[in-house]
Amino acid sequence: LQKLIHLLQVTDDPLIQEQALITLSNSATFSVNQDIIRNLDGLSVIGGMLSDCIPKVKEKALNALNNLSMNVKNQEEIQVYITQVCRSVESAPLNSDLQLAGLRLLTNMSVTSDYHHKMINSIPCFLHLLSEGTERTQIQVLKVLVNLSANPAMTRHLLRAQV
């Protein structure tokens with residue numbers, strides 16, 4: 001895991017980055033690895049990949065963070081990327097794998113109300129995706145909206161959102 005994280009830091013090759021991110025994502029399905037990746041500063045390295053202009057690299061980084069977000073301590077670190085993830089969801093091509101990867105991460109990050117306030121500005125986008133997206137996109141958006149709606153503090157924001 002340490003070598004994969006280091007590899008992400010030193011290479012500019014998108015194919016290598018993708019493969020390293022896929023391997024880290026697969027490794028993150030095991031809770032012991034989630035802690036190891038966090039302790040190796042892997043969350044910030046993977047989070048840094050969200051700035052990559054290559055959609056496939058960004059998608060793989062989102063998938064890795066999604067698997068890593070199953071851990072409360074990891075969520076505390078991943079939450080700094082929520083606004084950036086929301087912007088990626090908004091700017092990604094409709095129904096793209098990149099958009100779905102972002103929505104999956106937002107679903108996990110919205111399970112508790114701790115970070116809902118960071119998603120408020122994206123509610124109109126979520127509602128737009130609900131009306132314009134494919135079934136896969138709609139289902140993922142609904143998961144985020146259901147999580148947000150479970151928080152009474154979000155009621156006003158959800159009801160006032162311009163569609």
- Item | Salt-bridge contact Lys56-Glu59 (side-chain N to carboxylate O under 4.0 Å) | yes

- Using a strict 4.0 Å threshold on nitrogen-to-oxygen distance, state whether Arg136 and Asp97 make a salt bridge. yes

- Do the side chain of Ser113 and the main chain of His116 share a donor and acceptor less than 3.5 angstrom apart? no

- Item | Exam field: side chain Asn95 to backbone Thr134, donor-acceptor pair closer than 3.5 Å | yes

Taking side chain as C-beta onward, heavy atoms only, is [X] less than 4.5 Å from [Y]?
X      : Y      : answer
Thr137 : Gln99  : yes
Tyr81  : Ser51  : no
Gln138 : Leu129 : no
Pro55  : Leu98  : yes
Leu105 : Ile78  : yes
Cys86  : Leu106 : yes
Ser149 : Leu158 : yes
Met119 : Thr83  : no

Can [Y] be reached from [X] by stepping across I, L, V, M, F, W or Y side chains whose heavy atoms are under 4.5 Å apart?
X      : Y      : result
Ile5   : Val32  : yes
Leu21  : Leu15  : no
Leu127 : Val146 : no
Phe126 : Val111 : no
Ile37  : Leu7   : no

Rounded to the nearest 0.5 Å, how far apart are [atom1] of [X] and [atom2] of [Y]?
X      : Y      : atom1 : atom2 : answer
His128 : Ser122 : NE2   : OG    : 13.0 Å
Arg87  : Leu50  : CZ    : CG    : 10.5 Å
Cys125 : Ile123 : SG    : CD1   : 11.0 Å
His157 : Asn121 : NE2   : CG    : 9.5 Å
Gln34  : Asn74  : CD    : CG    : 6.0 Å
Asp52  : Lys58  : CG    : NZ    : 7.5 Å

For a quick test of reading the model, state the closest non-hydrogen atom pair linking [X] to [Y] and the distance between them.
X      : Y      : answer
Glu76  : Gln79  : O-CG, 3.0 Å
Leu94  : Glu132 : CD2-O, 3.6 Å
Asp114 : His117 : O-CE1, 3.2 Å
Met109 : Ser69  : SD-CB, 3.9 Å
Val85  : Gly102 : CG1-O, 3.7 Å
Pro93  : Ser96  : O-OG, 2.8 Å

- Show the numbers, then the answer: is there a side chain to side chain contact (heavy atoms under 4.5 Å, CB included) between Leu8 and Ile16? CA-CA 8 Å; Leu8 283 177; Ile16 293 173; over 6 Å; no

- Note on the structure: Here the side-chain hydrogen bond (donor to acceptor under 3.5 Å, both in side chains) pairs for residues 6-31, sequence neighbours left out, are Ser25-Asn67

- Message: Regarding Asn66 and Arg104, do their side chains bring together a donor and an acceptor under 3.5 Å, going by distance alone?
- Response: no

- Message: Looking only at side-chain N and O atoms, does Gln140 offer a donor or acceptor that is under 3.5 Å from a partner on Thr107?
- Response: yes

- Note on the structure: Per side chain to side chain contact (heavy atoms under 4.5 Å, CB included), Leu4 is matched among Val45, Leu24, Leu40 by Leu24

